[in-house]
Asks: 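The structure follows.
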Number of protein chains: 2
Amino acid sequence: MAQRGSYAKGVAKREEILERELDVVAREGYRGASVKELAEAVGLSQAGLLHYFGTKEELFTEILRKRDEVDIAHYRGETSEKPDSDVRDLRTGYLQIIRHNSEVPGLVQLFSRMAVDAADPEHPAHSFFLARGAELRDEFTHALAHQQRTGGLTDRIAPGTLARILQAVADGLQVQWMQDPTIDMAGIVNALFDALTPTPSDEPAPAPAPSPEEHG
Amino acid sequence: MAQRGSYAKGVAKREEILERELDVVAREGYRGASVKELAEAVGLSQAGLLHYFGTKEELFTEILRKRDEVDIAHYRGETSEKPDSDVRDLRTGYLQIIRHNSEVPGLVQLFSRMAVDAADPEHPAHSFFLARGAELRDEFTHALAHQQRTGGLTDRIAPGTLARILQAVADGLQVQWMQDPTIDMAGIVNALFDALTPTPSDEPAPAPAPSPEEHG
DNA sequence: GTCTATACTCGGATAGAC
DNA sequence: GTCTATCCGAGTATAGAC
């Protein structure tokens, strides 16, 4: 993956910067932060930071990419090393990530903001979001199809469509959550999964979704 | 609703401006448009436009408010004047609006952008979005509860939770759609409704959701 | 490789004439 | 009520020293 044969050192530092940046944004939040702020947060000048990432948008895109990298490593490597991870409960993993997100508001802000801006085909992050979305839905589609075959999920909807819906719900809830941080994103998504589970004929009925509060 | 006893004329023109602005944004799109562009689009100078709306954010907020006003008038007044409009198929109305949205990309962009920015409690549009969301979900909650009593909707999820989910799906799909305008937002939402409809025992089975394409 | 300093652009806001 | 003109700040990008 080394961008060029030369300066592997630079790449290493780049990664190091990204990791710290990730931390900073996660904790201190992103309010349309400027390059200067991000730079100072990692002990560099604006120019110093832009030395590694040519442009602001590139920097932000790389932060998001790094975030995914870390998340995937964490929520895929940790739990189990079983090769059947594809089948392994996607629902649980998804809920874990969503729960985790509510602990890194800055990243949620950055992500949501970029997702909208990157709608413009000219935006540097455009293809990143396209690819990311497609990948996500692909995994989902497979896992959902499997769950349908297993009988753990209603088959009254195409898996690919449901994948898209789950992506949309998560993204949409993030915006609602940013506006009102008291809502329980994971609980809501969980309730949706429940609603789409065929009536448990043999299962001990996993408690018919108490569903988080009944806010208007 | 007249802001002040005086200058009702100004208010009238304000409304007129908003209506035209709405049209402009809807057609020509919003790419982080500047006040100047918006001004020229309605034949005013930047200063002239800001005479009516003190600030950029106020202007944008008012455009969104106007949009809602128009949409509500259109999708509630037109169809029927029946007082039981509360009960009248919410699903149909929602799908209509979603379908309509895909014809006004600029407004979708503006809305999505603002929704994210307005997450900041300091943002002028913060309370607008809070109130708007609450209202929307309220209506949904009632209508969904009714549908559950009627048996047109699964009762395996709390109506208030589902309301939130539907809001999230619509918002989230808009972002996906901006990135890839080929997806069929209404079709996807429709598929979700179908999946949440109790198995039709007597109904002529509304065709088990062919569900729009099976994109990865 | 990193800094300081600066150049440049954009866009929102305001003053003041008409 | 609307314009022209101007100001000002923010923020990115770059030049060039060290």
Side-chain angles (χ1 to χ4, degrees), chain A residues 2-21 24-25 28-63 106 109-110 113-114 117-118 120 122-125, chain B residues 2-21 24-25 28-63 106 109-110 113-114 117-118 120 122-125:
Chain A
Q3 296 211 342
R4 269 203 178 80
S6 34
Y7 51 84
K9 180 81 168 291
V11 173
K13 171 122 194 189
R14 224 180 100 114
E15 292 305 301
E16 189 203 313
I17 291 176
L18 281 178
E19 267 162 40
R20 257 190 299 167
E21 218 61 274
V24 172
V25 175
E28 311 201 353
Y30 163 85
R31 286 253 158 281
S34 64
V35 174
K36 192 166 173 237
E37 291 176 83
L38 274 286
E40 278 161 4
V42 298
L44 277 181
S45 72
Q46 193 220 30
L49 183 54
L50 283 189
H51 169 71
Y52 289 96
F53 311 88
T55 178
K56 181 197 187 181
E57 261 96 13
E58 246 182 273
L59 167 60
F60 286 153
T61 309
E62 289 310 304
I63 292 178
Q109 287 165 0
L110 177 59
R113 187 46 166 359
M114 289 277 287
D117 291 355
D120 185 342
E122 303 304 304
H123 194 286
Chain B
Q3 295 213 343
R4 270 204 176 80
S6 37
Y7 52 84
K9 180 81 168 291
V11 173
K13 171 122 192 187
R14 222 180 103 115
E15 291 305 302
E16 189 203 314
I17 293 176
L18 281 178
E19 268 162 38
R20 256 189 299 166
E21 217 62 273
V24 172
V25 175
E28 312 203 353
Y30 162 85
R31 285 252 161 282
S34 64
V35 174
K36 193 168 173 235
E37 291 177 83
L38 274 287
E40 278 160 6
V42 297
L44 276 182
S45 72
Q46 192 218 31
L49 182 54
L50 283 190
H51 169 71
Y52 289 96
F53 313 86
T55 178
K56 181 197 186 181
E57 261 95 12
E58 248 182 273
L59 167 61
F60 286 155
T61 309
E62 290 310 305
I63 292 178
Q109 286 166 359
L110 177 59
R113 186 51 170 348
M114 290 277 287
D117 290 355
D120 185 342
E122 304 303 304
H123 194 285

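Convention: sequence-line order gives letters A, B, ...; per-chain numbering from 1.
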Asks: Does the pair B:M114 and B:H123 meet the rule for a side chain to side chain contact (heavy atoms under 4.5 Å, CB included), with working shown?
Replies: CA-CA 9 Å; B:M114 290 277 287; B:H123 194 285; 4.3 Å; yes
Asks: Anything under 3.5 Å between a donor and an acceptor, one on a side chain of residues 51-58 of chain B, the other on a protein residue two or more places apart or in another chain? List them.
Replies:
none

Asks: Among all residues two or more places apart in sequence or in another chain, which pass the salt bridge (Lys or Arg N to Asp or Glu O under 4.0 Å) test with B:E16?
Replies: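 For B:E16 the salt bridge (Lys or Arg N to Asp or Glu O under 4.0 Å) partners, ignoring immediate neighbours, are B:R20.
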Asks: Assign A:G43 to base, sugar-phosphate, or nothing according to its heavy-atom contacts below 4.0 angstrom with the strands shown.
Replies: sugar-phosphate
Asks: To the nearest 10 degrees, how far apart in direction are the end axes of the helix from C:dG1-D:dC18 to C:dC18-D:dG1, each fit to five base pairs?
Replies: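 That helix has its two terminal axes inclined by roughly 10°.
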Asks: Find the distance B:E37:CD to C:dG11:C1' and express it as a whole number of Å.
Replies: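 That distance rounds to 10 Å.
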Asks: Quick one: side chains of residues 35-50 of chain B, donor-acceptor pairs under 3.5 Å with protein atoms, not counting sequence neighbours, listed by atom name and distance.
Replies:
from	atom 1	to	atom 2	distance (Å)
B:E37	OE2	B:S34	N	3.1
B:E37	OE2	B:S34	OG	3.3
B:S45	OG	B:G48	N	3.0

Asks: Calculate the interatomic distance between A:R31 atom CZ and D:dG11 atom P; express it in whole Å.
Replies: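 These atoms are roughly 14 Å apart.
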Asks: Rounded to whole Å, how long is the line connecting atom CD of B:E40 with atom P of D:dC3?
Replies: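 Whole-Å distance recorded here is 10 Å.
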Asks: Look up atom CG in B:L18 and atom CD in B:E21, then write down how far apart they are to the nearest 0.5 Å.
Replies: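 Output value for this atom pair is 7.5 Å.
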Asks: Side chain to side chain donor-acceptor pair (under 3.5 Å) with B:E28: which residues, sequence neighbours excluded?
Replies: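 Not a single residue meets the side chain to side chain donor-acceptor pair (under 3.5 Å) criterion with B:E28.
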Asks: Near DNA chain D, which residues from residues 50-61 of chain B have a heavy atom under 4.0 Å away?
Replies: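 Listed by number, they are B:H51, B:Y52.
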Asks: Would you mind reading off the distance between B:Q46 atom CD and D:dC3 atom P, rounded to a whole angstrom?
Replies: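 The answer, rounded to whole Å, is 11 Å.
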Asks: Whole-Å distance between D:dC3 P and B:K36 NZ?
Replies: 13 Å
Asks: At under 4.0 Å between heavy atoms, what does A:S34 touch on the DNA or RNA strands: base, sugar-phosphate, or nothing?
Replies: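 Here A:S34 touches the backbone only, sparing every base.
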Asks: Any side-chain heavy-atom pair from B:Q109 and A:D120 closer than 4.5 angstrom?
Replies: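 No - every pair of side-chain heavy atoms lies 4.5 Å or more apart.
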